[in-house]
Amino acid sequence: MKLSSPADLESYRRELEEQTDTSAKTVRVCIGTGCAAKGSRTLYKLFCEAAESADNVTVEAKCVGCHGFCERGPIVVIQPGNILYQRVEEPDVAEIFRETVIGGRIIERLLFKDPATEEVARTEDDIPFYNIQNRIALRLNGVIDPTDIDDYILHDGYSACAKALTEMEPDEIIAEIEKSGLRGRGGGGFPTGRKWRSCREASGEQKYVICNGDEGDPGAFMDRSVMEGNPHAVIEGMIIGAYAIGASQGYIYVRNEYPLAVEHLKTAIGQAQETGFLGEDILGTGFSFDIRINRGGGAFVCGESTALVASLEGLPGEPRAKYIHTVERGLHGMPTDLNNVETWVNIPAIIRKGGKWFSSIGTEGSKGTKVFSLVGNINNTGLVEVPMGITLRKIVEDIGGGIQNGRAFKAVQTGGPSGGCIPAGHLDAKVDFDELTELGSMMGSGGMIVMDEDTCMVNVAKYFLNFLQEESCGKCTPCREGIAQMVHILERISRGEGKEEDIGTLEKLAALLKDTALCALGATAANPVLSTLRYFREEYEAHIRDKRCPAKVCPGLFAYEIDPDTCKGCGVCLKNCPVDAISGESKKPHAIDQDLCTQCGTCFEKCPFDAVIKV
Amino acid sequence: MADAKEELIQTIIGRYEKDPGMLIPMMQDIQSEYGYLPQDSLIMLSKTITVPLSRIYSVSTFYSSFRLAPKGQHEVTICMGTVCHLKGAGRISEAVCSQFNVKPGGTTSDRLFSFQAVNCVGACALAPVMVIDGEYYDHMTPESAIEVLSGLSAENEEQENKKAEKKKSKKKSKKKKTSNKEKTE
Amino acid sequence: MPTVTIDDIKVEIEEGQTILDAARKAGIWIPTLCYHPSVAPKASCRLCMVELQRGDSSRLVTSCNYEVYSNITVKVSSEKAVNARKGVMELLLARAPESEELKTLAEKMRVTSTPYPSVTESQRNCILCGLCTSVCEEVIGKAAIGFAGRGVDKAVAPPFRQAAEDCIACGACVAVCPVGTIQMRYHEDTNEVEISPFKARAKLGTCAECGAPLVPVPVNEEVFKKGKIDTEELRIRAALCPECRRKRSAQTMYTAALSSRNP
């Protein structure tokens, strides 16, 4: 059905509202990648079957997108009551349906139990992981069926688009975005309003808008969840942006490794075209705009805007010199506006509620909220959307629930491979673009990897540099050769072959890359090294001078020993040692011959009594 | 080159209005069809959309998802994202490589599966993650990885045995053949 | 016409010209490797870095592709710029330790050695400047070679790493390679030239009159494919060496002069 005016949209929305029984029983099953990996699609099917065969009662089984609490998946939410069940398995379906959906009774064991306080949460709002969050970008994630445009419209979807296209001039829209203070959510943090304005003012016979869905930072999955769970919001944002800038064609560039996101976006675009939000004469305004999806080919560097543009032109994803900005000369040499998924998703909310509202949240330099992927050695893993300016401590302790297994916090890595590690001493720092940069890290796309005391920071730096070496396009000398040199040094250091001058050389290379690399990948490549040097220099020095890894991670730089008090003399270690380094009599404490030991770790893993310790 | 292939390439190119800028989606569609990028299909592509073959080769070797050699029956990828790495993905990869005699980016000698390391599939809460034919396996260990992949081997053997048995039964009388057919339908 | 103040020397250049153009006009030398006037600048070697002033601060930019549209101030000999260029050259020397041309250039920059070990392998000192691929595509129009792979494994190669089929053995890539990686070899026994390392071979033409060697056969063919003139006379001349062409011209003129005297 095609809507040809804002009035049409409003009356359609009202129709949908009337058809919806808000007191009806609904079962929302998350089918985002995380929950789907644990079989939630089967759960959805089973709930559908149960709903169909329910006699006197109308029950709706609905599939929804990523809630963000992937650790606890599969997640099922029952209405009325907003009852959240976690780690649901197939055998639970019948019980849930019978007890909770029909009977209105709670099944205690499926509720979320805080690992620290042991408190049980009945609804989503009772869980600190959720109730500390302020969901703007993720507002509808977990609420709507991402494959159903009607559900989106019912929840005010496309109303911002209607308002922008019929009640606002392009300049007004841009002014509103400028007022909001929205800064790019992909990592650059460039003021969005300013970017739109430059693109609008640039001259070219054709303008483009692009959505950068090439979320490559390892540990980050915010954009995946949005593209899977609320694709229409991305589309709506792009329509508004295209209208403001004067673009007639849009592209969504999605990572090849996100097949579900591609699928949901394709479905959403098809629905938007059918309903009249994309294509010719949108809502009768005379404005025409359409969107095409391109899948990445598997290259992290394509998250860089000029490389992405090159990829869209059918070329290898090599970045280009940025003296002439993409907003002036981008795709096919035309003015192009490129924004991240999360940036686009904030646009409809800003248009609906106003730039002033958005700027009332956050700090002076960083307005609004940000979605972070909180992962690593933390109890509550998942996506969190919080106002800018919240402290790291609040995220790690209150939302994250602290470190797993009672270990101690060591650092939180933010900003992906271009970012850095922030230690415990700065946990009270405010999460804000500028503050994180000052601490030697950066906001980046929002990855927040929590590391505990058993993490070796030299190993972390080495991991990131290896990653960047794999992903470097290889075009420019400093990045290609400089990163290879840094990897070589870090590998020597973690093998115990570090030299006194290594730290100096690493710092020298870092400065060289920052000044001479062609793109941000190369220029920021040294950040993992620099930030770990800044806060954990002693670890580097221990590796180099003492040939010792304090965190006991780097093979050869620590030793395995058997604790004679714990050892029961069962002999499992002796039997499994590949180099016969362990000796001992039955039922008497065993010992490892350090001269023969290769630190393979087999005894450590196999010991049923945890008697093998790292020293 | 077989006519069927030619026709397919023409269809794919037509799907994107012969736009040379859509080279990568065209190549992705070709790879979807054949499981890899056959050399002759790329040569035909080069001629039809007038893009130099050297550029097509550049593109096919630049992006990690493109394959110039046939892949295995199953596609196995292991995530090497930060969280997976911290939780031991490296050791899992080593174990798989040594057990099945395969290198990352390669295929086992019996073409059972192709093995590739990828950067972060966005399922960090399930780390370490392995994806087999699109299905996600969570919280893997070297042992569980080997177990699952050996299961693939066993499946393969079972299929081979079934095929061998089918061949045997075909040799029997025609009457029996029809009755077997009925059973499977 | 914007003015570029480069190391305190003022030069006026056309809008859209680069800092490198300004430097050459001012007589200031900036080392380059991946720059060549016949192809679009790639700015990939990062050797031509200079310091661009902006108020109190400055940043390093590549001079070969920085287009000038307003008055700017540039420092080529500042410590920051010199160190940056030196650093890049040191990385290059580590990658391509056996290129004489590279060492000569380094010396001119007063870089005598590199503190870095060789950790990447180059194909006969190739520094991946891309001039060969650019020239082959943009100037010759054959695109017989291109980049293959990514990152440290990147290399210049013909498609599928097989002998370059589209190569016409014109030698443009040989001429433009700044580090001596690409070479043209003559195989006397088969009268062929080979572009090494691309495994492309082509027979040399032979003068129809005297048998002297001519340009490779595919080059001649390419000229006729691209050129707008194709006459019998041109074809005959294309099969002659310069000496025999002169003789033919002289013969033609003599014959014409004779017939004009004796109508």
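Note that these values count all heavy atoms, side chains included, but never hydrogens, waters or copies made by symmetry.
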Sub-6.0 Å ring centroid separation between A/Phe221 and A/Tyr258: no
More than 12 heavy atoms of other groups within 6.0 Å of A/Asn576 CG: yes
B/Phe113 ring center near B/Phe100 ring center (under 6.0 Å): yes
Residues in residues 133-147 of chain B that sit under 4.5 Å from chain A, counting heavy atoms only: B/Tyr136, B/Asp138, B/His139
Segment of B/Tyr16 engaging chain A (4.5 angstrom heavy-atom cut-off): both
Winner by heavy-atom pair count (cut-off under 4.5 Å) against chain B, out of A/Glu71, A/Arg72, A/Arg224: A/Arg224
B/Pro20, part contacting chain A, at a heavy-atom distance under 4.5 Å: backbone
Test: A/Lys552 and A/Glu453 ion pair at under 4.0 Å: no
Top contributor to chain B interface from A/Glu313, A/Met222, A/Met451 [non-hydrogen pairs under 4.5 Å]: A/Glu313
Pairwise side-chain contact, A/Asp452 with A/Lys410, heavy-atom cut-off 4.5 Å (strictly under): no
Check: B/Glu75 side chain, B/Phe115 main-chain N or O, donor-acceptor pair, under 3.5 Å: no
CD (B/Gln31) with more than 12 external heavy atoms under 6.0 Å: yes
Validation row, ring centre A/Phe112 to ring centre A/Phe69 under 6.0 Å: yes
Leading residue by heavy atom contact count with chain B [cutoff under 4.5 Å; candidates A/Ile449, A/Leu315, A/Ile378, A/Asn256]: A/Leu315
Side chain / backbone / both / neither for B/Met80 at chain A, heavy atoms under 4.5 Å: backbone
